[in-house]
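In what follows, a single structure is set out as structure tokens and then discussed.
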Amino acid sequence: MPRGGARVLVVGATGEIGTLAVRALDRRHCRTALAGRDRRRLADLAAGTGSPARGMDAYDLQGCSGLAAWAAAALGGLDGVLVTVGVAAFGPAARVSDAAAEHLLTVNALCPMAVLRGAAPVVGDGGFLAAVTGAVVDAPLTGTADYAASKAALACWLGVLARELRRRRVAVVDARFPHLDTGFGARAVEGSPPPLPRPGDPAAAVSALLDRLLAPAAPATPLWRPGPAEQTC
Ligand SMILES: NC(=O)c1ccc[n+]([C@@H]2O[C@H](COP(=O)([O-])OP(=O)(O)OC[C@H]3O[C@@H](n4cnc5c(N)ncnc54)[C@H](OP(=O)(O)O)[C@@H]3O)[C@@H](O)[C@H]2O)c1
């Protein structure tokens with residue numbers, strides 16, 4: 001993968017972490033293709049970075065799996081994909097609605113899986129396929145059962161994909177961010193978050209993740225957690 005000028009698709013580009021990633025990639029002289037749901041914020045971000053952009057919705061799984069081919073055509077090839085799409089819902093497991101549970105699994109698991117499934121044959125050898133899961137996979141709090149289960153499903157899938165793509169030296173990265181100061185929990189479709197630790201700095205977390213994704217030789221482990229310096233909560 002070319003380190004300077006890497007061609008990267010960011011899916012969920014209009015969210016807080018997605019937008020931070022797009023801007024940081026731009027500062028690192030990478031070329032980005034942007035996919036996001038919020039059309040106005042997507043157009044603003046595309047105008048600011050000069051990137052090609054495409055609308056997407058997590059429920060359009062076929063459209064999600066076609067994003068990498070679109071990005072490769074727009075950028076003349078593809079070196080990496082970062083998926084930051086996600087949504088929360090909270091509450092005791094016995095009380096979370098079936099509709100919210102279905103929504104979490106669609107947005108947090110099926111959508112990223114469809115994006116990366118479509119990207120696997122498109123991304124160049126030595127490139128990366130990454131998605132944000134969260135520390136909740138390792139240590140789910142009470143009141144997060146369905147959110148944690150949706151992220152754990154994605155984490156499990158990423159672990160298998162990593163082994164399947166090892167021969168091509170494609171780094172499949174499961175980014176297990178801690179709680180970050182983006183207001184994510186307040187946008188939950190149902191319920192309120194349980195007491196959480198002091199949130200970390202999202203810009204620092206994104207920067208550390210990009211260091212990892214754009215590193216010349218990707219470590220063998222697919223899991224990525226911030227190092228002690230970035231673990232701010
Ligand atoms: N913030 C944290 O503390 C934290 C910690 C660990 C992991 N994470 C994970 O990090 C990711 C980004 O979170 P964030 O903090 O940046 O929150 P955010 O700003 O709410 O970003 C969520 C993104 O998901 C998109 N999205 C939600 N539902 C969608 C749907 N049906 N179809 C298409 N896109 C949809 C949103 O699109 P719109 O822009 O259109 O709203 C937005 O781009 C999530 O996967 C989250 O689980 C966050």
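Hydrogens, waters and symmetry mates play no part in the numbers below; they use all other heavy atoms, side chains included. Numbers here are sequence positions counted from 1. Order of appearance sets the numbers: ligands from 1, and atoms from 1 within every ligand.
- Not one N or O of Phe177 is nearer than 3.5 Å to an N or O of ligand 1, by distance alone.
- Checking side-chain atoms of Thr19 against main-chain N and O of Ala13 turns up a donor-acceptor pair under 3.5 Å.
- Atom 39 (O) of ligand 1 has Thr14 OG1, 2.6 Å as its closest protein atom, hydrogens excluded (heavy atom only).
- Ranked by closest heavy atom to atom 27 (C) of ligand 1, the top entry among Gly86, Ser150, Gly200 is Gly86.
- Taking a cut-off of under 4.0 Å to the non-hydrogen atoms of Arg41, the atoms of ligand 1 that pass are 39 (O), 41 (O).
- The closest approach between any non-hydrogen atom of Thr133 and ligand 1 is below 4.0 Å.
- Remark: ligand 1 atoms within the under-4.0 Å shell around heavy atoms of Gly12 are 43 (O).
- The side chain of Arg187, and not its backbone, has at least one atom closer than 4.0 Å to an atom of ligand 1 (non-hydrogen atoms only; side chain from C-beta on).
- Ranking protein heavy atoms by distance to atom 11 (C) of ligand 1, first place goes to Thr84 O, 3.1 Å.
- The closest approach between any non-hydrogen atom of Pro178 and ligand 1 is below 4.0 Å.
- In this structure, the protein non-hydrogen atom closest to atom 19 (O) of ligand 1 is Glu16 N, 2.8 Å.
- Of the possible polar contacts, none joining the Glu16 side chain to the Gly183 backbone as a donor-acceptor pair under 3.5 Å is found.
- Closest protein heavy atom to atom 47 (O) of ligand 1: Tyr147 OH, 2.8 Å.
- In this structure, of Thr182, Val206, Val10, Val107, the residue bringing a heavy atom nearest to atom 14 (P) of ligand 1 is Thr182.
- With Asp79 contributing its side chain and Arg7 its backbone, the two residues share a donor-acceptor pair below 3.5 Å.
- Closest protein heavy atom to atom 48 (C) of ligand 1: Ile17 CD1, 4.0 Å.
- For atom 41 (O) of ligand 1, the closest heavy atom belonging to the protein is Arg37 NH2, 3.0 Å.
- Side-chain atoms of Thr84 never come within 3.5 Å of backbone atoms of Ile17 as a donor-acceptor pair (strictly under, hydrogens ignored).
- Listed by atom number, the atoms of ligand 1 under 4.0 Å from Gly15 heavy atoms are 19 (O), 21 (O), 39 (O), 42 (C), 43 (O).
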**OP:** Verify side chain to side chain donor-acceptor pair (under 3.5 Å) between Ser207 and Arg212, making sure each step is shown before the conclusion.
**Re:** CA-CA 9 Å; Ser207 177; Arg212 161 73 176 81; over 6 Å; no
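- By the 3.5 Å distance cut-off applied to N or O atoms, His103 is not counted among the residues near ligand 1.
- Of all the atoms in ligand 1, the ones that sit under 4.0 Å from a non-hydrogen atom of His179 are 3 (O).
- Listed by number with element, the atoms of ligand 1 under 4.0 angstrom from any heavy atom of Asp38 are 40 (O).
- Between Arg95 and Asp146, no side-chain nitrogen of the basic residue sits less than 4.0 Å from a carboxylate oxygen of the acidic one, so the salt-bridge criterion is not met.
- For atom 17 (O) of ligand 1, the nearest non-hydrogen atom of the protein is Phe184 CD1, 3.1 Å.
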**OP:** Could you walk me through whether Asn108 and Ser150 pass the side chain to side chain donor-acceptor pair (under 3.5 Å) test, one step at a time?
**Re:** CA-CA 6 Å; Asn108 293 343; Ser150 66; 3.0 Å; yes
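- Ligand 1 has a nitrogen or oxygen under 3.5 angstrom from a nitrogen or oxygen of Val85.
- Ion pair Arg176/Asp174 flagged as a salt bridge, since at least one NZ, NE, NH1 or NH2 atom sits closer than 4.0 Å to an Asp/Glu carboxylate oxygen.
- Checking side-chain atoms of Thr144 against main-chain N and O of Pro140 turns up no donor-acceptor pair under 3.5 Å.
- Counting heavy atoms closer than 4.0 Å to ligand 1, residue Arg176 contributes nothing at all.
- One N or O on the side chain of Arg168 and one on the backbone of Ala120 form a donor-acceptor pair closer than 3.5 Å.
- Panel note: side chain Arg41, backbone Thr14; a donor-acceptor pair is recorded below 3.5 Å.
- Summary of contacts: the protein heavy atom closest to atom 3 (O) of ligand 1 is Leu180 N, 2.7 Å.
- Between Tyr59 and His103, the ring planes lie parallel to each other; the angle is under 30°, not in the 30° to 60° tilted range.
- Between the side chain of Lys151 and the backbone N or O of Gly86 there is no donor-acceptor pair closer than 3.5 Å.
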